[in-house]
Amino acid sequence: QVQLVDSGGGFVQAGGSLRLSCAASGGTFSTYNMGWFRHAPGKEREFVAAISWAGSRTQYIDSVKGRFTISRDNAKNTVYLQMNSLKPEDTAVYYCAADRFDAVRTTVSAYRYWGQGTQVTVSS
């Protein structure tokens with residue numbers, strides 16, 4: 001069973017950048033597909049980005065395409081979310097998630113393992 005620890009959140013002005021990290025332990029990281037989700041106050045937790053176990057496939061929600069990049073380093077057991085051109089509507093708690101399946105998945109229910117979350121706040 002894999003354990004996930006999210007980090008890298010913070011407070012940034014609109015147009016700024018942050019890089020989130022998710023460190024995994026307790027499992028064979030390179031066999032897990034990874035995802036990033038976010039949860040804003042008053043909204044449902046939503047999919048942001050996902051990457052396949054080898055890093056060959058990625059998927060993004062439309063609102064972050066061209067601004068966010070998901071990547072992974074299997075040697076470091078870490079997945080990243082580079083967030084550029086941040087907007088106030090990106091403000092949320094961001095969570096990484098992991099599971100083993102045969103395709104990149106975008107639903108909350110598809111992932112069994114979750115990090116504790118890291119707060120991202122973007123001011124206008």
Side-chain angles (χ1 to χ4, degrees):
Q1 180 171 332
V2 66
Q3 291 85 44
L4 305 174
V5 177
D6 306 321
S7 63
F11 184 93
V12 65
Q13 290 189 329
S17 298
L18 285 172
R19 188 176 81 155
L20 306 184
S21 299
C22 173
S25 62
T28 307
F29 179 71
S30 60
T31 65
Y32 287 87
N33 289 340
M34 302 296 296
W36 283 99
F37 291 75
R38 63 188 180 188
H39 193 181
K43 297 185 177 181
E44 303 259 329
R45 187 174 298 196
E46 69 172 353
F47 167 78
V48 177
I51 188 167
S52 61
W53 61 271
S56 57
R57 289 172 290 172
T58 59
Q59 192 163 345
Y60 299 90
I61 192 173
D62 285 347
S63 61
V64 308
K65 286 180 180 177
R67 299 190 298 123
F68 291 11
T69 303
I70 188 170
S71 62
R72 66 189 298 159
D73 185 338
N74 285 346
K76 295 183 178 180
N77 291 351
T78 302
V79 63
Y80 305 98
L81 185 68
Q82 178 67 44
M83 305 187 296
N84 298 329
S85 302
L86 282 160
K87 303 176 181 180
E89 51 264 44
D90 295 318
T91 295
V93 178
Y94 284 71
Y95 299 86
C96 71
D99 213 319
R100 292 190 177 108
F101 26 70
D102 59 357
V104 172
R105 301 288 177 90
T106 63
T107 59
V108 171
S109 60
Y111 294 83
R112 286 179 290 169
Y113 309 109
W114 292 83
Q116 83 287 359
T118 185
Q119 176 72 48
V120 171
T121 304
V122 185
S123 67
S124 57

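The structure presented is a predicted model; accordingly, all values stated were derived computationally and were not measured.
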Task: Nearest non-hydrogen partners of R105 and A110, listed with the distance - done: CB-CB, 3.7 Å
- [ ] Supply the atom-to-atom distance N84 CG to T69 OG1, rounded to the nearest 0.5 angstrom.
- [x] 6.5 Å
Task: Residues which pass side chain to side chain contact (heavy atoms under 4.5 Å, CB included) with S52, listed by chain and number, not counting sequence neighbours - done: N33, S56, R57, V104
Task: Nearest-0.5 Å distance, OG of residue S25 to CD of residue Q1 - done: 10.5 Å
TODO: Measure the spacing between SG of C96 and CD1 of I51 and express it to the nearest 0.5 Å.
DONE: 12.5 Å
Task: Spatial distance of atom CG (N74) from atom CE (M34) [nearest 0.5 Å] - done: 9.5 Å
Task: Atom of L4, atom of A24 and distance for their closest heavy-atom approach - done: CD2-CB, 3.7 Å
- [ ] Mark yes or no for whether Y94, through its side chain, and D6, through its backbone, hold a donor-acceptor pair below 3.5 Å.
- [x] no
Task: Residue from T91, T118, D90 passing side-chain hydrogen bond (donor to acceptor under 3.5 Å, both in side chains) with R38 - done: D90
Open item on the list: Looking at D99 and R112, would you say the former's side chain and the latter's main chain have a donor-acceptor pair under 3.5 Å?
Closed with: yes
- [ ] Check whether any side-chain heavy atom of F29 lies under 4.5 Å from a side-chain heavy atom of V79, and answer yes or no.
- [x] yes
Open item on the list: If I take atom CG from residue L18 and atom CZ from residue F68, how far apart are they, to the nearest 0.5 angstrom?
Closed with: 9.0 Å
TODO: Scan for disulfide bond (SG atoms under 2.5 Å apart) pairs involving residues 26-84, sequence neighbours excluded, and state none if there are none.
DONE: none
TODO: Can you sort out the partners of Y111 under ring-ring contact (aromatic ring centres under 6.0 Å, His included), two or more places apart, ordered by chain and number?
DONE: F37, F101
Task: Side-chain touch V108/W114, heavy atoms, less than 4.5 angstrom - done: yes
Task: Closest heavy-atom pair and its distance - G115, Y95 - done: O-CD2, 3.6 Å
TODO: Please report the closest heavy-atom contact between S85 and S17, naming both atoms and the distance.
DONE: N-OG, 4.3 Å
Task: Flag, side chain of E46 to backbone of E44, donor-acceptor distance under 3.5 Å - done: no
Open item on the list: Is it true that T31 and R100 share a donor-acceptor pair across their side chains at a distance under 3.5 Å?
Closed with: yes
- [ ] Give the minimum heavy-atom separation between W36 and S21, together with the two atoms involved.
- [x] CH2-O, 3.7 Å
- [ ] Indicate the atoms forming the closest heavy-atom contact of A49 with Y60, along with that distance.
- [x] CB-CD2, 3.6 Å
TODO: Look at the side-chain heavy atoms of Ile, Leu, Val, Met, Phe, Trp and Tyr, link any pair under 4.5 Å apart, and say whether W53 and V2 land in one connected group.
DONE: no
Open item on the list: Measuring from atom OG of S30 to atom CG of D73, what distance do you get when rounded to the nearest 0.5 angstrom?
Closed with: 11.5 Å
TODO: Find out whether Q82 and Y80 are in side-chain contact, i.e. whether some heavy atom of one side chain is under 4.5 Å from a heavy atom of the other.
DONE: no
